[in-house]
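Worksheet for the structure shown next.
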Amino acid sequence: MERLTFSDAGPADWPYLLCLWWRNVRATHGFVAEDYLRAIGAALPGVYLPAMERVRLAWLEIAPAEGDGSDHAPGAGEGHFPTGTVAVPRPSQGRLPAGFLGSVEQRVEMLFVEPGLWGRGIGTALLEDFGSRHPEILLDVNEQNTAARIFARRGFEVVGRSPLDGAGQPYPLLHLRRLRAGGAGTGQTA
């Protein structure tokens with residue numbers, strides 16, 4: 001039986017997060033120019049992750065597979081990584097990094113789930129963990145991102161659109177918001 005746990009991530013976890021990020025953007029961001037992805041990936045551990053107020057890491061606790069000899073997470077092949085990155089090893093304690101969420105105040109700045117683990121509720125669990133501390137959640141998602149439609153099913157509404165991303169590149173963003181029942185602006189009390 002699988003179980004999901006959370007921990008706050010720090011610099012020691014960033015190699016896991018960088019590799020997970022690469023696998024995710026390879027699956028969802030085919031519309032982004034390769035050189036731009038490489039620039040973002042290069043800045044992730046030294047600029048973007050340290051700028052987060054909090055980074056939550058979701059761990060999938062798993063029973064060890066007997067005799068499979070694998071030392072990599074499902075879907076964590078070694079291909080498609082830029083030079084200087086490695087595939088994420090399967091931790092020996094029977095858990096593997098399944099996704100992460102980086103935030104500043106009530107804004108989700110990054111949310112990525114291991115592609116081989118999509119459909120298991122990991123992204124939803126990360127959002128709910130975050131939402132338990134924030135009655136209002138704000139986030140931006142690339143309009144062309146194949147996963148963008150998932151947010152509407154999670155109660156998010158589009159509150160705006162920008163033709164450029166935060167760095168001024170031509171990747172339109174949808175600005176999303178979700179209010180928790182009883183949260184600010186709902187007229188309800190908790």
Side-chain angles (χ1 to χ4, degrees), residues 8-60 71-90 96-104 107-120 122-127 130 137-154 156 158 160-176:
D8 287 325
D13 299 306
W14 293 348
Y16 291 125
L17 304 186
L18 179 60
C19 294
L20 191 153
W21 178 86
W22 270 113
R23 282 190 299 282
N24 186 286
V25 298
R26 290 284 185 232
T28 60
H29 289 69
F31 57 91
V32 177
E34 180 67 21
D35 60 336
Y36 189 45
L37 284 179
R38 286 180 183 270
I40 294 169
L44 197 66
V47 177
Y48 296 123
L49 288 169
M52 295 298 102
E53 185 175 279
R54 189 173 198 187
V55 179
R56 292 288 280 172
L57 180 53
W59 294 93
L60 188 63
D71 63 350
H72 294 87
E78 295 187 30
H80 308 293
F81 292 112
T83 303
T85 61
V86 296
V88 177
R90 182 188 310 268
L96 59 97
F100 70 95
L101 183 151
S103 62
V104 175
R107 178 170 289 284
V108 173
E109 297 288 349
M110 50 184 80
L111 174 61
F112 297 95
V113 174
E114 176 66 54
L117 300 175
W118 287 348
R120 296 187 186 191
I122 295 164
T124 299
L126 281 162
L127 283 170
F130 181 75
I137 302 175
L138 304 173
L139 67 85
D140 293 340
V141 63
N142 290 103
E143 190 173 58
Q144 303 102 315
N145 184 332
T146 57
R149 66 187 177 279
I150 291 170
F151 292 105
R153 295 193 306 255
R154 304 299 180 275
F156 286 86
V158 176
R161 181 185 182 277
S162 298
L164 304 175
D165 71 6
Q169 297 298 309
Y171 303 111
L173 295 176
L174 297 176
H175 307 296
L176 307 178

Legend entry - Short side-chain to backbone donor-acceptor contact, Asp165 and Ala167, under 3.5 Å: yes
Legend entry - Inter-residue atom distance Glu109.CD - Leu138.CG, 0.5 Å rounding: 9.5 Å
Inset, instruction - Specify the closest pair of heavy atoms between Pro50 and Trp14, including all atoms of both residues, with the distance to one decimal. - result: CG-CH2, 3.6 Å
Inset, instruction - Could you check if a side-chain atom of Val32 sits within less than 4.5 angstrom of a side-chain atom of Gln144, using non-hydrogen atoms only? - result: no
Legend entry - OH-CZ distance between Tyr16 and Phe100, expressed to the nearest 0.5 angstrom: 14.5 Å
Legend entry - Side chains of Tyr171 and Asn145 in contact at under 4.5 Å (non-hydrogen atoms): no
Legend entry - For Leu127 against Ile137, the heavy-atom pair lying closest together: O-CD1, 4.0 Å
Legend entry - Spacing of OH belonging to Tyr48 relative to CG belonging to Leu18, to within rounding of 0.5 Å: 13.0 Å
Legend entry - Whether Phe156 and Phe151 hold their rings parallel, tilted or perpendicular, with breakpoints at 30° and 60°: perpendicular
Inset, instruction - Describe, in one word, how the ring planes of Phe112 and His29 are oriented to each other, choosing from parallel (under 30°), tilted (30 to 60°) and perpendicular (over 60°). - result: tilted
Legend entry - Euclidean distance, Leu37 CG relative to Leu44 CG, rounded to 0.5 Å: 11.5 Å
Legend entry - Smallest separation among heavy atoms of Leu126 and Arg56, with atom names: CD2-O, 3.9 Å
Inset, instruction - Evaluate the criterion side-chain contact (heavy atoms from CB on, under 4.5 Å) for residue pair Leu60 and Glu114; output intermediate values, then yes/no. - result: CA-CA 10 Å; Leu60 188 63; Glu114 176 66 54; over 6 Å; no
Inset, instruction - Could you tell me which non-hydrogen atom of Leu164 sits nearest to which non-hydrogen atom of Pro170, and how far apart they are? - result: CD2-CA, 3.8 Å
Inset, instruction - Could you tell me whether the side chain of Val113 reaches within less than 4.5 Å of the side chain of Arg120, counting heavy atoms only? - result: no
Inset, instruction - Please assess Leu96 against Leu117 for the test side-chain contact (heavy atoms from CB on, under 4.5 Å), listing each intermediate value before the final yes or no. - result: CA-CA 11 Å; Leu96 59 97; Leu117 300 175; 3.6 Å; yes
Legend entry - Approximate separation, where rounding is to 0.5 Å, of Leu139 CG and Arg154 CZ: 12.5 Å
Legend entry - Cationic N near anionic O, under 4.0 Å, Glu34 to Arg26: yes
Legend entry - Separation between CG of Asp8 and CE of Met52, rounded to the nearest 0.5 Å: 14.0 Å
Inset, instruction - Find out whether Leu176 and Asp140 are in side-chain contact, i.e. whether some heavy atom of one side chain is under 4.5 Å from a heavy atom of the other. - result: no
Inset, instruction - Taking all heavy atoms of Ala98 and all of Leu20, pick out the closest pair and write down the distance. - result: C-CD1, 3.8 Å
Inset, instruction - Looking only at non-hydrogen atoms, find the nearest pair between Pro115 and Ala27 and report the distance. - result: CG-CB, 4.2 Å
